[in-house]
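Here's the structure, in structure tokens; my notes come after.
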Amino acid sequence: MKMKKRASMMLALLAAFALIAASCGDDDDDATVEPAAPAVEEPAAEEPMAEEEPMAEEEPMAEEEPMAEEEPMAEEEAMAEPMLPGEGVDVIAGRANWSTGYFQAELYKQLLEELGYNVSDPAELELGPNNGYVAMAQGDMDFWPNSWYPGHLAWLAGELPDGSLVGDHVSIVGEEMIAGGLQGFLITKSFADEYGVYTLDELNDNAEALAAFDATDPVPGNGIADIFGCPESWTCDNIITNQIAFSGWDNIQQTIAGYDAMFAQAVDSANEGVPMVAYTWTPSAYITQLRPGDNVYWAGVGAILDDSNPANQEGGAEHDQRGDGSGGYAAIGPDQCPAAADNADGLCPIGWIAADILITANNEFLAANPAAEALFEAVKLSVIDVSLANVEQGEGADPTDLATQWLADNRALADEWIAAALAAA
């Protein structure tokens, strides 16, 4: 542009000089200056340059902007994507205060999260049944996957401050593990073989065995066989109290303390051949440490607890272990339960009915969340899978990681449960 401006200026100067010369010369001189006349027309030569700049400015106006049309399409796709039934819903999860229930609690948490629910960490609300059922009934906890029935039925009969019963506000849902909970007493094998005491009745009535037991039990020298029972907040504590009264075991009483500490002491005693009796259950990793037929036996009982509630426990009529009449016996052979050899049917008189491990949930939560209720109804777990998870947990694995891995390994089954929940929603 500078070169053009300079050229224009030069032409203008030449034209000026030509005009000056023309005004000063005669007619003959006019012919000599005529070639300079085109210089007057020079602005016409610059006009194309003036036209080129608007053309450059007009080019963007000719371009189309497809992005403006694409954005609404993306929004429509997002609007078309269906919402999950749990989106925007907070769920208060809980778990039992025994470690063998941690895996199930975490598994349900992750399944609910796949449905869009915002689920609290079950570890933040770890309760025993004495508080767990009241918390659900009052709406402070939405669900609890660690109910053991029929033993826990007694808690549903509890009365709330407004006069209503716990069972009026909660419901049992699904079939998590039907007959999945085996309970009973284990006795040191070498001690049982030495004194021939394969039932708690025989221990109670055998003075020599009783003295040997009392010499090394948790309260030595009191003349009583102190057995490892349950923590005070657990249902089994009340059931054992009723069993002792019902069976007339005047020389037996349970030690009530933290379960894992008692169990560790029981394992040491069994491995060393020291007399001990301990309550335990499956599915659990406990049965891999106290191993029936190896370092312990299942101890039999002479009579199966009925609904008479001899110890006058609150809700004690629900402690009945007979069920339909056949409860309290298990298909355990005499190699693991020597008392089975005395029964014509070969069953071990274990003393406890096989428990159904199920979910209990708040009624209002279930009514407001049909997808969650359908999920609870659909889930069925293998006792073997839960037991293996408990073993890994006992070796240090995190329940969260165990549940995540289980879902990955059983994706097709989990997808069936999720599909059932989505259909209900």
Side-chain angles (χ1 to χ4, degrees), residues 151 183-232 234-259 261-281 290 292 295-313 316 319-322 328-330 336-343 348-352:
Q183 306 172 76
F185 299 101
L186 299 173
I187 187 169
T188 301
K189 179 183 177 183
S190 58
F191 167 73
D193 286 338
E194 180 178 357
Y195 292 94
V197 289
Y198 300 114
T199 69
L200 292 188
D201 301 82
E202 291 170 341
L203 173 61
N204 183 79
D205 298 336
N206 188 321
E208 186 179 1
L210 193 64
F213 194 104
D214 180 43
T216 56
D217 69 8
V219 188
N222 65 352
I224 299 292
D226 295 283
I227 66 175
F228 295 114
C230 292
E232 189 171 4
W234 293 9
T235 311
C236 50
D237 163 35
N238 297 331
I239 294 178
I240 292 172
T241 298
N242 253 340
Q243 283 179 323
I244 291 173
F246 177 76
S247 299
W249 297 334
D250 299 329
N251 297 316
I252 295 175
Q253 66 182 12
Q254 68 168 322
T255 298
I256 299 173
Y259 186 80
M262 289 193 296
F263 189 82
Q265 188 175 345
V267 171
D268 289 341
S269 295
N271 287 336
E272 296 169 6
V274 174
M276 74 84 208
V277 170
Y279 162 86
T280 199
W281 69 93
L290 291 181
N295 56 359
V296 294
Y297 289 127
W298 286 107
V301 301
I304 308 301
L305 178 63
D306 62 15
D307 61 358
S308 60
N309 191 20
N312 196 30
Q313 299 282 325
H319 296 163
D320 182 0
Q321 299 300 312
R322 299 170 304 169
Y329 295 87
Q336 296 185 26
C337 175
D342 297 329
N343 288 336
C348 174
I350 200 167
W352 301 70

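Heavy-atom minimum distance, L305 versus P310: CD1-CD, 4.5 Å. Residues N242 and Q313 approach most closely at ND2-CG, 3.7 Å, considering heavy atoms. Residue I187 comes nearest to A299 through the heavy atom pair CG2-CB, 4.1 Å, listed as atom of the first residue, atom of the second, then distance. Scanning all heavy atoms of the two residues, the minimum distance from S308 to F246 falls at OG-CD1, 3.9 Å. Closest of all the heavy-atom pairs between N238 and H319 is CB-CE1, 3.6 Å. Here the closest heavy-atom approach between residue G351 and residue Q243 is recorded as O-NE2, 3.4 Å.
Side-chain contact between P349 and N343 is present, with at least one heavy-atom pair separated by less than 4.5 Å.
Just one of W352, Y259, W298, F263 meets the ring pair (Phe, Tyr, Trp, His ring centres under 6.0 Å) condition when paired with W281; it is Y259. Of the residues Y195, Y198, F213, the one that meets the side-chain contact (heavy atoms from CB on, under 4.5 Å) test with L203 is F213.
In this structure, D307 CG and Q321 CD are separated by 11.5 Å, a value rounded to the nearest 0.5 Å. For the atom pair CG of L186 and CD1 of I227, the computed distance is 11.0 Å after rounding to the nearest 0.5 Å. Atoms SG and OH, on C348 and Y297 in that order, are 12.5 Å from each other to the nearest 0.5 Å.
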task = Go through L290 and T280 one step at a time and tell me if the side chain to side chain contact (heavy atoms under 4.5 Å, CB included) criterion holds.
result = CA-CA 9 Å; L290 291 181; T280 199; 5.8 Å; no

ask   = Run the side chain to side chain contact (heavy atoms under 4.5 Å, CB included) check on I224 and V219 step by step: do they pass?
value = CA-CA 8 Å; I224 299 292; V219 188; over 6 Å; no

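A donor-acceptor distance shorter than 3.5 angstrom exists from the side chain of D217 to the backbone of D226, with no hydrogens or angles considered. Listed for the Q254 side chain is a donor-acceptor partner under 3.5 Å among the backbone atoms of D237.
Pairs engaging residues 200-216 under the side-chain hydrogen bond (donor to acceptor under 3.5 Å, both in side chains) rule: D201-W249 [sequence neighbours left out].
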Pairs under 3.5 angstrom only: tabulate donor-acceptor contacts from the side chains of residues 264-275 to other protein residues two or more places apart or in another chain.
{"from": "S269", "atom 1": "OG", "to": "Q265", "atom 2": "O", "distance (Å)": "3.1"}
{"from": "N271", "atom 1": "OD1", "to": "N295", "atom 2": "ND2", "distance (Å)": "3.0"}
{"from": "N271", "atom 1": "ND2", "to": "V267", "atom 2": "O", "distance (Å)": "3.3"}

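If you look at W234 and Y279, their ring centroids are not closer than 6.0 Å.
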